Structure formats: structure tokens, C-alpha cells
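Here's the structure, in C-alpha cells; my notes come after.
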Amino acid sequence: MDPKKIETEGNSDPNQSGRVYHLALDIGGSLAKLVYFTKKDDGYVHGEERISPQEALAKSKGSRSYPVVKGRLNFMRFETSKINDLLEFIKSEKLHLGGSRQQDVPGNQNMFIKATGGGAYKYADLFKERLGISLDKEDEMDCLVAGANFLLKVVPEEAFTYLDEQKQFVQIDHNDLYPYLLVNIGSGVSMIKVEGAGKFERVSGTSIGGGTFWGLGRLLTKCKSFDELLEMSYRGNNRVIDMLVGDIYGGTDYSKIGLASTAIASSFGKAISDNKKIEDYNPEDIARSLLRMISNNIGQISYLNALRFGLKRIFFGGFFIRSHPFTMDTISVAVNYWSKGEAKAMFLRHEGFLGAVGAFMSSDKHGLEELLAPGNMSCAVDSRHDSVNGELNGDESIECRLYAS
Ligand SMILES: Nc1ncnc2c1ncn2[C@@H]1O[C@H](COP(=O)(O)OP(=O)(O)OP(=O)(O)O)[C@@H](O)[C@H]1O
Ligand SMILES: CC(C)(CO)[C@@H](O)C(=O)NCCC(=O)O
């Protein structure tokens, strides 16, 4: 995959468009994700009003003014198998140097980047060797939860439902966010019961996830990229390969147990009786059946875990989803069907970046301290810069203000 620059101000050099203040990584089994902040402007705010440092000083006797940094959170992803591209990108953009020129950084100073995911362990030596960076490791589950909580609380229109081909944004009530089930569909799938900030338990998981779809899909369809596989699934018809209830029941429903004739009785089940070889099937149909099988299975296991703990809201993240309508629809229908409408499946706009955002938020010492000290950080989103086709890809950069409060 070509490195995809998400920042969309028409300037590919973060050192020109604004100083890079902070970088965090999530290096997973399939994809490596970067989140970095580029500063555009700083100053002070008083209420809603932007004011100068002098005005802030004058006002500080009365009510409070906050130092504020305006900038943008940028999101990028690389295939983990092409880790060299990621290293090259960081190096060429000097992201690890906070945008400063190499010679500005004292040679023996130890540089750290917050990193999570298995790759933070696997590639630690490589980062040290190639860029002289130490990866400051954060736990993957901690980061997923911190990232999800942050995005849900701070980014407007982050969560949405998808039913009957309709996307509907969900207003999140900050005081009524917990508990929820977070299902992160990466290469494998983690299911986490979240009860508060930092209060969570990984309650389940399944190895049948995004890596399974991508891996099996590649073998079965000979597609060259994940996007091609996803594209194929758009055009396919799963009924060609899946054995439906109607195929078994002579075209009728099995209404006594609530199964319509069109329900899948057995994924890929028709392949046993068709006496066909793999070449006889359209790769599009195979892609469609596979996507449906995996999405359905994840939707069902998620619902069962929500039921186990009495959770009504399930948020789905991870790059398997890719805002793909068919994937979201299958998951939503599974959750809706099994829970008889009791539980709700919701998706996240920045689906694949939960871990990277969590790692970014965990940075209390490297970079952000310099940016915001003294105090804590909060973030308000001014606007989003959508990706080219306007689809939700979780790819948009977020324009935000960081306050020291
Ligand atoms: N361009 C892409 N290339 C490869 N896989 C993609 C791509 N876009 C989406 N995917 C899907 O997303 C999955 C990876 O998702 P994600 O980045 O959330 O997980 P990960 O961090 O790599 O995995 P894990 O957390 O299990 O280590 C892939 O397995 C694949 O199904
Ligand atoms: C191993 C991790 C956590 C790595 O991200 C992920 O791929 C996963 O949750 N896999 C599922 C493993 C299981 O619970 O069976």
C-alpha cells in the first residue's frame, strides 16, 4: 500500500504546514498506524474569544484564560509488512524530531516515541537501529480503550449506526457513555467490556478476524490488495456459494424456528454439492461470502458477550470495517437479529486508529509536555477535513485546539 497522507491542507510537508509536535504509533499484525499533531497557531482563549498573550495577562486577574494551540491531528497507515516505508516516512518528514532539523537535536539525546501493538515489541530494535528512536511501549488494550473513550467524548459525529443502508450519527452523552462493549476487529478480534476511563476487562476474542478475511481472500481470489478484495465483495453475490435455508427446505422458510428461506444455513455450503472447482466460481462471489461469514460471526460473538454482561451498546472499531456498507450492515443485522433489537451496533469514524490515538493520549512526557506545560490536555474539534471522496474512512485529519487547563 502506498503511504496515504491523510492531512489534507494541500501541503505534504508537516514541517512547512506546521511544526510536528507529537507522534504516536500502533503497529499491529496487519497495519501500522501513525497519529501526529501539527501545530498551526498558538495563543490564548478567553471563553470563546481568541485573545493575545497581553490580553490574557490583563484578563487573568478576573476570569480565566487558557493557553491554546491550534493544529491538526493527522492519521496515516502503512502495511506492517512494509515497515521500511513507515521508517522512511518518519525519517523524511522528521516526525520523530518534532519537526526540527536533525542537527538541532543533541546527538546523544535519547528520543522516545509512544508506541503500542505487537510491533512496538517486534520492531523496537529496528527503530533504534534505523532512526535512533526508543519505542516507549504502552499496553495495546489500555490504548484501545483510551482511544475509544477520547474519540467518543471529544469528536463530534464520531459514532454512528448503520441499518437499512442508512448512516445515523449518535449523540454521545458524556455522562452516560459507560458501560459498553468495544469490539476491535484488527487481524484478530478483541472484545473489551469498558466501564469507565481506564476501567475495563478484555472479556473475549476470536482469531477469525480481519487477517482471516484478508488472508483467505487472497488465497481464494488471487486478489492483489485488500482494497481489491473489498471492491470485489461489492459486486459479488454470496448466494452462489452459501447454502441458504431455502436450498435445504425446497425454497420455503423454516418459520417454526424463525429462519427465512433467504437466511444463510451454511456459509460456503453450496460448494460441497456443486461439483465445481474454485476456478468455476466468480472471485467476487467468494469475496462476498467470505466477508459475510466473518462479519456475521463477529456480530454474533459480540452480541453473546454483550448479553453475558448485560451491555446494550457495542462499538466496533478496527480497520477490518473500513466503513464498508456491507460489513457494517452484516454486523448490525447480526446484533439486531440475535438481541431482538435490544442491543445496538455502532461504528467509529476513526475505526482503525483507536490504539494509535490512545498511545498519543498517553504521552505525558514526550513532546506534549513541552507543548502544554503546565497542565493537562483537552481537545476541542473545530472541523474535520474529509477524505477525497467524502466517504467516512477514518482518514480525516482533525483540526483541533489543545488547551492547557
Ligand atoms: N489497506 C489494507 N491493507 C491490509 N489490510 C487492511 C487494509 N485495510 C483494511 N485492512 C483490514 O484491516 C485489518 C487490520 O486492522 P487493524 O489495523 O485494526 O489491526 P492490526 O492492528 O493490524 O491487527 P492486530 O490488532 O490484531 O495486531 C487487516 O487484517 C485487514 O482485514
Ligand atoms: C493478539 C491481538 C490482541 C493482537 O492485536 C489480536 O490479534 C487479538 O485479539 N486476536 C484474537 C486472539 C484471541 O482472543 O483468540
Side-chain angles (χ1 to χ4, degrees), residues 1-4 6 24-35 75-83 85-86 115-123 137-145 147-148 151 181-193 200-221 223-233 287 290-291 293-295 297-298 301-302 304-305 315-324 326-328 331 347-359 387 391-395:
M1 184 181 78
D2 284 338
K4 188 164 181 221
I6 283 91
L25 302 171
D26 172 9
I27 310 174
S30 308
L31 298 174
K33 283 77 58 180
L34 274 86
V35 173
F75 302 89
M76 280 192 75
R77 61 186 139 88
F78 294 77
E79 284 182 27
T80 305
S81 59
K82 296 177 184 158
I83 193 81
D85 290 352
L86 166 69
T116 190
Y121 296 82
K122 186 171 172 182
Y123 298 111
K137 300 173 194 66
E138 288 289 329
D139 176 75
E140 186 180 338
M141 300 297 132
D142 284 343
C143 288
L144 283 175
V145 173
L151 291 166
L181 185 72
L182 176 62
V183 178
N184 193 63
I185 317 176
S187 316
V189 187
S190 285
M191 298 181 185
I192 309 167
K193 175 177 68 154
F200 65 87
E201 185 190 352
R202 183 182 189 273
V203 292
S204 195
T206 166
S207 61
I208 301 174
T212 319
F213 174 60
W214 179 206
L216 267 182
R218 219 168 64 90
L219 289 177
L220 294 174
T221 70
C223 67
K224 296 279 180 294
S225 71
F226 183 85
D227 284 11
E228 190 187 342
L229 182 63
L230 214 50
E231 177 61 34
M232 277 181 184
S233 75
L290 192 58
L291 186 56
M293 177 177 86
I294 290 167
S295 305
N297 192 54
I298 294 170
I301 299 174
S302 303
L304 288 171
N305 277 288
F315 290 102
F316 289 89
F319 260 129
F320 166 71
I321 300 170
R322 285 292 297 275
S323 275
H324 189 294
F326 183 64
T327 306
M328 296 191 295
I331 291 174
F347 303 91
L348 296 167
R349 197 172 184 125
H350 294 90
E351 52 189 18
F353 289 103
L354 307 185
V357 169
S387 53
E391 274 294 301
L392 302 185
N393 270 326
D395 286 358

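Numbering starts at 1 and runs along the sequence shown. Ligands are counted one by one from 1 in listed order, and the atoms in each one are counted from 1 as well. Since we're looking at a predicted model, the values are computed, not measured.
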Mark yes when over 12 heavy atoms from residues, nucleotides or ligands other than Arg202 sit less than 6.0 Å from its CZ; otherwise mark no.
yes
Could an N or O of ligand 1 be found under 3.5 Å from any N or O of Gly210, whether backbone or side chain?
yes
Check each N or O atom of ligand 2 against all protein N or O atoms and list the pairs under 3.5 Å, with atom names and distances to 0.1 Å, one per line.
residue	atom	partner	partner atom	Å
ligand 2	5 (O)	Glu140	OE1	3.4
ligand 2	5 (O)	Glu140	OE2	2.5
ligand 2	7 (O)	Gly188	N	3.4
ligand 2	9 (O)	Val189	O	3.4
ligand 2	9 (O)	Ser190	OG	2.8
ligand 2	9 (O)	Arg202	NH2	2.8
ligand 2	14 (O)	Arg202	NH2	2.9

Just verifying a value: how many Å separate Leu229 CG and Leu220 CG, rounded to the nearest 0.5 Å?
9.5 Å
Under a 4.0 angstrom heavy-atom cut-off, which atoms of ligand 1 come close to Gly29?
20 (P), 22 (O), 23 (O), 24 (P), 27 (O)
Backbone or side-chain N or O of Ser30 under 3.5 Å from ligand 1 N or O
yes
Does Thr212 reach the main-chain N or O of Ser207 with its side chain, forming a donor-acceptor pair under 3.5 Å?
yes
I'd like to know if Phe213 contacts ligand 1, where contact means a heavy-atom distance under 4.0 Å to any ligand atom.
no
Hey, is the main chain of Ile331 close enough, under 3.5 Å, to the side chain of Ser295 for a donor-acceptor pair?
no
Per-atom contacts of ligand 1 with Arg322, taking only distances under 4.0 Å to non-hydrogen atoms
1 (N), 7 (C), 8 (N), 9 (C)
For His350, which of Phe75, Phe315, Phe319 qualifies under ring pair (Phe, Tyr, Trp, His ring centres under 6.0 Å)?
Phe75
Steps toward side chain to side chain contact (heavy atoms under 4.5 Å, CB included) verdict (Phe226, Phe213):
CA-CA 9 Å; Phe226 183 85; Phe213 174 60; 3.7 Å; yes
Does the Thr116 side chain pair with the main chain of Glu138, one donor and one acceptor, at a distance under 3.5 Å?
yes
I'd like to know whether ligand 1 has Gly188 as a neighbour, heavy-atom separation below 4.0 Å.
yes
Just jot down the ligand 1 atoms closer than 4.0 angstrom to any heavy atom of Glu140, in number order.
25 (O)
Run the numbers on Ile321 and Met328 for side chain to side chain contact (heavy atoms under 4.5 Å, CB included), then give the verdict.
CA-CA 7 Å; Ile321 300 170; Met328 296 191 295; 3.6 Å; yes
Side chain, backbone, both or neither: which applies to Trp214 and ligand 1 if a contact is any heavy-atom pair less than 4.0 Å apart?
side chain
So, regarding Leu31 and ligand 1 (criterion: nitrogen or oxygen to nitrogen or oxygen, under 3.5 Å), is there a contact or not?
yes
Can you check whether Lys33 has an N/O within less than 3.5 Å of an N/O in ligand 1?
yes
For Lys122, does the NZ atom have more than 12 heavy-atom neighbours from other residues, nucleotides or ligands under 6.0 Å away?
no
Consider ligand 1: state whether an atom of it lies below 4.0 angstrom from any non-hydrogen atom of Glu351.
no
CZ of Arg349 to CG of Leu151, rounded to nearest 0.5 Å, is 11.5 Å
State if Gly211 counts as touching ligand 1 under the rule of any non-hydrogen atom under 4.0 Å.
yes
Please answer whether the main-chain N or O of Ser30 pairs with a side-chain N or O of Ser187 as donor and acceptor at a distance below 3.5 Å.
yes
Short side-chain to backbone donor-acceptor contact, Glu140 and Gly355, under 3.5 Å
no
Taking 4.0 angstrom as the limit and counting only heavy atoms of Gly318, give me the atoms of ligand 1 inside it, by number and element.
18 (O)
